[in-house]
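As structure tokens, the structure follows; a few thoughts come after it.
Numbers here simply count residues along the sequence, with the first being 1. In this text, all values refer to a predicted model and were calculated from it rather than measured experimentally. Atoms within each ligand, like the ligands themselves, are counted from 1 in listed order.
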Amino acid sequence: MLIKKPADIPPSDITSKDLYLNRRKFLAGAAIAGTAAATGIGLRELAFPSSLVEANAKIDGIQKSSFNTTEKITPLKDVSNYNNYYEFSTDKYGPAGLAKDFKTRPWTVKIDGLVKKKQELDVETIIKMAAPEERIYRHRCVEGWSIVVPWVGFSLSELIKKADPLGQAKFVEFTTIYDPRQMPGQKLPVLDWPYVEGLRMDEAMHPLCLLCFGMYGEVLPNQDGAPLRIVVPWKYGFKSAKAIVKISFAEKQPVNTWNKAAPNEYGFYSNVNPTVDHPRWSQAKERRLGEFFKRPTLMFNGYDQVASLYNGMDLRKNF
Ligand code: MTE
């Protein structure tokens, strides 16, 4: 996102590994190197290890949800080998290997700020707060790629109701674990650690906003944000913070990490909006991982049911 590339290629124009590997089947070895050298893409991919798909524990009792898209689900191997997780690496193929031994138990989440009772909850207690649901959501990265993932979790509102925030609480802030010994990326000043994200209370309470601990019927792979993350499907992917250790309620709008890093590029709201370009690239289209042709990006990523949350707001100003 903020990483400078040799040539200023919009991230949406960088070929995904999957696409690259498919194309590879049709090209002779020498031709690939030539293509990669000529286009400036693909050389990185040549150096990557083969896909890592870790088998995780199955989650029992998963219920169906009425929020599911019927679009084709992106294969797990693509989703779990192409991750933005700067705590591990700025290279999207890095987190799958680097997060392999990341410890997700024991794990507690601090609930603090403007709540009736500040407390520290074990992740197991949180996971049992409501029945797990499968939510098949579109997920659009600000960089121009998208995926369709069957996440497992329940509406964040279930936890918020139990946390019992005070009337003055207008925002919710999510903080990722800070542990540079386990997360090599945190040894580098790429971002101001720990990673922080935030939502307005009505956004956080919207039933689509998911507290997530699984995907594809199994416990979340570490690189996808285990043991607990949020998934906000109508916003660009960076709003969906991974490996959460603190949920805090506040009166003031939180300063989210990417907004702090580049305020003119990444706003607080970050609703998917094809009419508001990123200063360095268009947001009108996206490339689904594994597909060649781009498709139009939809307002709110197609989740029109959230539109009323923004009635009367200028979404160009509040990007
Ligand atoms: N959460 C943390 N803690 N660190 C990160 O670097 N990257 C974000 C988001 N959550 C990120 C994060 C971005 S930019 C995206 S697109 C999504 O995670 C990617 O989620 P995925 O790897 O499960 O697809």
Side-chain angles (χ1 to χ4, degrees), residues 1-3 11-12 14 16-18 52 56 73-99 102 104 109 135 137-153 173-180 182-186 188 190-199 210-216 218-247 256-262 265-267 270 272 278 283 286-290 301:
M1 292 168 54
L2 197 64
I3 303 304
S12 52
I14 297 173
S16 78
K17 184 186 184 191
D18 187 61
L52 293 155
N56 275 317
I73 292 174
T74 310
L76 168 63
K77 69 171 176 37
D78 295 345
V79 169
S80 62
N81 285 282
Y82 190 80
N83 302 98
N84 270 331
Y85 204 167
Y86 278 25
E87 284 85 343
F88 288 101
S89 174
T90 54
D91 179 333
K92 295 185 207 322
Y93 302 111
L98 292 166
F102 179 62
T104 58
V109 179
R135 299 275 182 95
Y137 283 164
R138 288 180 290 276
H139 186 62
R140 166 65 154 85
C141 179
V142 72
E143 297 168 322
W145 51 273
S146 63
I147 46 185
V148 175
V149 180
W151 306 104
V152 180
E173 184 182 279
F174 307 90
T175 308
T176 292
I177 190 171
Y178 179 70
D179 189 353
Q182 289 204 78
M183 299 174 126
Q186 285 183 335
L188 307 168
V190 202
L191 289 173
D192 189 8
W193 309 114
Y195 195 98
V196 170
E197 255 312 331
L199 294 170
L210 189 71
L211 187 65
C212 171
F213 42 87
M215 59 197 242
Y216 300 83
E218 298 176 354
V219 166
L220 267 184
N222 291 344
Q223 63 269 31
D224 287 284
L228 202 65
R229 69 176 295 174
I230 51 163
V231 179
V232 198
W234 69 96
K235 291 180 181 279
Y236 291 119
F238 69 88
K239 294 297 291 180
S240 298
K242 299 175 172 180
I244 293 168
V245 288
K246 192 167 80 168
I247 299 179
N256 49 319
T257 297
W258 277 105
N259 181 247
K260 202 186 226 179
E265 300 194 3
Y266 310 106
S270 288
V272 174
H278 184 282
Q283 292 292 27
E286 68 199 61
R287 181 177 280 133
R288 196 64 46 94
L289 283 196
N301 203 19

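- For ligand 1, the atoms lying closer than 4.0 Å to a non-hydrogen atom of Tyr86 are 5 (C), 6 (O).
- Between the side chain of Thr257 and the main chain of Val196, a donor-acceptor pair closer than 3.5 Å is present.
- Between the Asn222 side chain and the Ala99 main chain, a donor and an acceptor come within less than 3.5 Å of each other.
- With hydrogens left out, the protein atom closest to atom 23 (O) of ligand 1 is Arg229 NH1, 2.7 Å, a heavy atom.
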| said: Set out, in order, the CA-CA distance, both residues' side-chain angles and the distance that settles side chain to side chain contact (heavy atoms under 4.5 Å, CB included) for Ile147 and Asp78, then state yes or no. | reply: CA-CA 9 Å; Ile147 46 185; Asp78 295 345; over 6 Å; no
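- The two residues Ser240 and Val232 make their nearest non-hydrogen contact at OG-N, 3.0 Å.
- Nearest to atom 7 (N) of ligand 1 among the protein's heavy atoms is Asn84 O, 3.2 Å.
- Within ligand 1, counting atoms from 1 as listed, the ones closer than 4.0 Å to a heavy atom of Asp224 are 21 (P), 22 (O), 23 (O).
- Protein heavy atom at the shortest distance from atom 5 (C) of ligand 1 is Tyr195 CE1, 3.4 Å.
- Residue contact annotation: Gly225 has no non-hydrogen atom under 4.0 Å from ligand 1.
- For Glu143, the heavy-atom gap to ligand 1 stays at 4.0 angstrom or more.
- Protein heavy atom nearest atom 17 (C) of ligand 1, with residue, atom name and distance: Gly237 O, 3.6 Å.
- Counting protein heavy atoms only, atom 18 (O) of ligand 1 is closest to Lys242 CE, 3.4 Å.
- Counting only distance, with no hydrogens or angles, the side chain of Trp193 and the backbone of Asp179 share no donor-acceptor pair below 3.5 Å.
- Just one residue in the list Gln223, Lys92, Lys242 forms a side chain to side chain donor-acceptor pair (under 3.5 Å) with Asn84, and that residue is Lys92.
- A distance-only check finds a donor-acceptor pair linking the side chain of Asn81 to the backbone of Lys77 [under 3.5 Å].
- Residue-ligand proximity, Cys141 to ligand 1, at heavy-atom distances under 4.0 Å covers atoms 16 (S).
- The proximity of Glu197 to ligand 1, defined as any non-hydrogen pair under 4.0 Å, does not occur for either the backbone or the side chain.
- The nearest heavy-atom contact from the protein to atom 10 (N) of ligand 1 is Ser240 O, 2.8 Å.
- Taking Pro194 as the reference, Thr175, Tyr178 meet the side chain to side chain contact (heavy atoms under 4.5 Å, CB included) condition, with sequence neighbours excluded.
- Both the backbone and the side chain of Phe238 come within 4.0 Å of ligand 1, counting heavy atoms alone.
- For atom 4 (N) of ligand 1, the closest non-hydrogen atom of the protein is Glu87 OE1, 2.7 Å.
- When non-hydrogen atoms are compared, ligand 1 lies under 4.0 Å from the side chain of Ile147 (C-beta onward) but not from its backbone.
- Arg288 and Ser146 share a side-chain donor-acceptor pair at under 3.5 Å.
- The two atoms that bring Met215 and Trp151 nearest to each other are SD-CZ3, 3.8 Å, heavy atoms only.
- Minimum heavy-atom separation, Lys239 to Ile230: O-CD1, 3.5 Å.
- Atoms of ligand 1 found under 4.0 Å from any heavy atom of Met1 (numbered from 1 in listed order, with element): 14 (S).
- Shortest non-hydrogen contact noted between Phe238 and Ser270 is CZ-OG, 2.8 Å.
- For ligand 1, none of its N or O atoms has an N or O atom of Trp258 under 3.5 Å away.
- Those atoms of ligand 1 that come under 4.0 Å of a heavy atom in Thr176, given as number and element, are 3 (N).
- Of the heavy atoms in Lys239, none comes closer than 4.0 Å to ligand 1.
- Taking any N or O of Asn83, backbone or side chain, at least one lies under 3.5 Å from an N or O belonging to ligand 1.
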